[in-house]
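Note: hydrogens, waters and symmetry copies are ignored here, and every other heavy atom, side chains too, is used. In each ligand, atom 1 is the first atom listed, and ligand 1 is the first ligand listed.
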Amino acid sequence: MQSESIKAAKNVDQDRLWKRLMSMAEIGALPNGGVNRQALSNEDILARQRIIKWAKDLDFQIETDEIANLFIRLVGSNTSAPPVSTGSHLDSQPRGGKFDGAFGVIGGFEALEAIRCAGIKPESSIELIAWTNEEGGRFQPGVMGSSLFAGDISISDQLDVKDADGVKLKDALSDTLASTPDLLLRPFKSPMKAYIEAHIEQGPILEETKNKIGVVTGIQGLYWYGVEIIGQEAHAGTTPESNRHDALQTAISIIQDLKQLMHDETDTVRFTIGKFDCEPGSPSTIPGRVYFTIDFRHPEQKVIDNIHRKITPICNKHAGVCKVNVSQIIDCPPVHFDEDIMELIKTAASTIGHNHLLMPSGAGHDAGHISKLCPTGMIFVPCKGGVSHNELESSEPEDLVSGIQTLTACLVELANK
Ligand code: GLV
Ligand code: MN
Ligand code: MN
């Protein structure tokens with residue numbers, strides 16, 4: 001590892017990193033310490049404006065694209081070479097934590113500033129990316145900005161997607177883009193030399209094994225579906241069993257059967273119904289419509305394919321007098337990260353003095369999509385009790401710094417290679 005890479009890492013400033021993270025956490029702050037900063041909301045716009053201001057103060061170059069991914073660049077000496085990139089997301093779950101996503105963005109910003117403070121001009125530019133709508137809580141699918149950038153989905157299919165209040169993505173997107181009118185739009189799939197994303201682990205392993213750095217080997221496969229059941233609203237007191245088209249009873253039968261399908265002795269399959277709407281939502285009206293989502297995950301494509309094949313037949317089997325529509329929202333296959341990037345992260349962590357562990361990611365990340373475009377990897381840091389997607393999510397400042405020191409060394413090493 002070159003001495004410049006280590007010098008840059010030594011310039012990572014814990015206080016500056018923590019202050020910026022806490023400043024970002026003010027936007028959409030919730031009473032129990034978390035944030036509600038959903039994609040393309042006013043809070044998301046404020047978050048973008050805050051980081052853009054910091055970037056302008058440091059004279060970094062800033063661009064955006066058609067889905068409002070944000071690119072912040074420390075310009076290298078070879079301006080025509082593709083950048084070495086890092087990043088994550090600023091949007092949150094509706095009751096999310098301060099660190100999921102924000103750590104990778106603010107930490108990436110700290111890496112750029114540390115390199116600048118070390119007086120280093122890297123050969124390739126180094127770029128920070130804040131990907132739009134990673135969480136997918138408001139507009140589905142999640143990992144939207146990175147999937148579009150990688151060419152895995154098309155923007156025309158996303159524009160009419162609505163949030164729970166009926167707001168169309170295209171309107172929220174145009175408000176977001178209008179808030180940064182001076183930024184140039186760059187095309188999707190613009191080249192990158194490499195991509196490394198820093199993230200809190202969102203699980204308990206690093207804390208339990210007392211390791212500072214997770215060298216991420218890959219991401220398990222992630223599939224989402226939407227299931228809509230159309231029944232008929234009717235009076236709860238007067239409608240006999242034989243006349244009921246009860247969407248909720250159909251949903252219950254489907255979900256019980258899905259739970260059996262997903263049962264796994266080895267506890268490897270992950271199965272969640274995270275969104276469930278039942279309409280009209282009145283005690284004395286038989287539910288006429290139910291909509292719920294299925295999120296299931298597994299590291300092996302063979303197992304995923306087997307479950308995938310059975311989902312629609314199970315939903316149809318229990319339809320009875322109701323109508324059932326199943327749509328697939330996300331199909332992210334398992335991802336294996338680049339071996340050379342893993343080696344680099346290991347070398348950087350041990351040169352700086354942080355112990356590390358090779359580990360897969362249970363959560364989905366933008367890095368999964370970007371891995372199709374360039375050599376990609378991820379760095380995990382511990383989070384308290386492994387708790388995430390929860391307002392109580394927390395991480396120690398020293399652990400965050402270890403991750404960003406490692407990231408900074410890797411970025412400089414790659415940029416000078
Ligand atoms: C990302 O937030 C995921 O759901 O894995
Ligand atoms: Mn995340
Ligand atoms: Mn998340």
Side-chain angles (χ1 to χ4, degrees), residues 21 24-25 28 30 34-39 41 43-44 47 69-70 86-108 128-147 195-203 205-206 214 216 218-226 268-275 293-299 304 329-335 337 359-371 376-383 386-395 400 403 407:
L21 272 165
M24 194 51 81
L30 292 174
V35 293
N36 178 9
R37 202 169 50 233
Q38 294 187 69
S41 63
E43 291 76 22
D44 188 5
N69 293 320
L70 194 61
T86 183
S88 197
H89 57 100
L90 287 172
D91 69 312
S92 78
Q93 289 284 317
R95 281 207 286 269
K98 298 184 194 75
F99 302 96
D100 175 2
F103 167 59
V105 176
I106 306 294
L128 162 67
I129 307 170
W131 301 106
T132 295
N133 190 21
E134 192 273 348
E135 296 288 8
R138 182 181 179 201
F139 294 109
Q140 288 90 50
V143 282
M144 188 185 275
S146 52
S147 318
Y195 177 79
I196 303 181
E197 176 163 350
H199 206 285
I200 58 165
E201 180 201 334
Q202 305 181 279
I205 294 164
L206 290 174
V216 185
I219 304 180
Q220 68 176 339
L222 158 64
Y223 277 44
W224 280 10
Y225 307 78
T268 312
V269 173
R270 297 281 171 263
F271 166 56
T272 306
I273 309 259
K275 181 172 168 63
T293 53
I294 301 168
D295 170 312
F296 89 86
R297 311 183 189 211
H298 194 278
I304 292 175
I329 305 172
I330 290 186
D331 58 337
C332 293
V335 167
F337 287 137
M359 62 187 301
S361 173
H365 296 286
D366 295 304
H369 288 278
I370 303 313
S371 68
T376 293
M378 286 190 77
I379 296 171
F380 278 172
V381 297
C383 64
V387 173
S388 186
H389 284 192
N390 184 314
E391 283 195 63
L392 300 181
E393 181 183 274
S394 90
S395 272
L400 299 176
L407 173 71

Heteroatom distance test ([X], ligand 1): nitrogen or oxygen, under 3.5 angstrom:
X    : value
Q202 : no
G364 : yes
D100 : no

Next on the checklist: Looking only at protein heavy atoms, which one is nearest to atom 2 (O) of ligand 1, and what is the separation?
Outcome noted: E135 OE1, 2.9 Å
Checklist entry - For atom 4 (O) of ligand 1, which candidate among H199, H365, R297 provides the closest heavy atom? => result R297
Checklist entry - Out of Q93, H89, E134, who gets a non-hydrogen atom closest to atom 1 (C) of ligand 1? => result E134
Checklist entry - What class does the angle between the rings of F296 and Y225 fall in, given that below 30° is parallel, 30 to 60° is tilted and above 60° is perpendicular? => result parallel
Next on the checklist: A side-chain contact here means heavy atoms from C-beta on lying under 4.5 Å apart; do P333 and I304 qualify?
Outcome noted: no
Next on the checklist: Do V143 and E134 make a side-chain contact, defined as non-hydrogen atoms from C-beta onward lying under 4.5 Å apart?
Outcome noted: yes
Checklist entry - What about the rings of F380 and H365, do their centers lie closer together than 6.0 Å? => result yes
Next on the checklist: Side chains of N69 and W131 only: does a donor on one sit below 3.5 Å from an acceptor on the other?
Outcome noted: no
Checklist entry - Out of D100, N133, T132, D366, which residue meets the side-chain hydrogen bond (donor to acceptor under 3.5 Å, both in side chains) rule with H89? => result D100
Item to check | Candidate list E201, H199, Q202, test side-chain hydrogen bond (donor to acceptor under 3.5 Å, both in side chains), partner S388, passing option | outcome: Q202
Next on the checklist: I'd like the atom name of the N/O/S atom in H199 lying closest to the Mn ion (ligand 2).
Outcome noted: NE2
Next on the checklist: With respect to the Mn ion (ligand 3), please indicate if E135 possesses an N, O or S atom at a distance under 2.8 Å.
Outcome noted: yes
Checklist entry - What atoms of ligand 1 come closer than 4.0 angstrom to any heavy atom of A363? => result 5 (O)
Next on the checklist: Let me check your reading of the structure: within less than 2.8 Å of the Mn ion (ligand 2), is there an N/O/S atom from H89?
Outcome noted: yes
Checklist entry - Does some non-hydrogen atom of H389 fall short of 4.0 Å from ligand 1? => result yes
Checklist entry - Is a donor on one side and an acceptor on the other found under 3.5 Å between the side chain of E391 and the backbone of G34? => result yes
Checklist entry - When you draw lines from the Mn ion (ligand 3) to OD2 of D100 and to NE2 of H389, what angle lies between them, to the nearest 10°? => result 90°
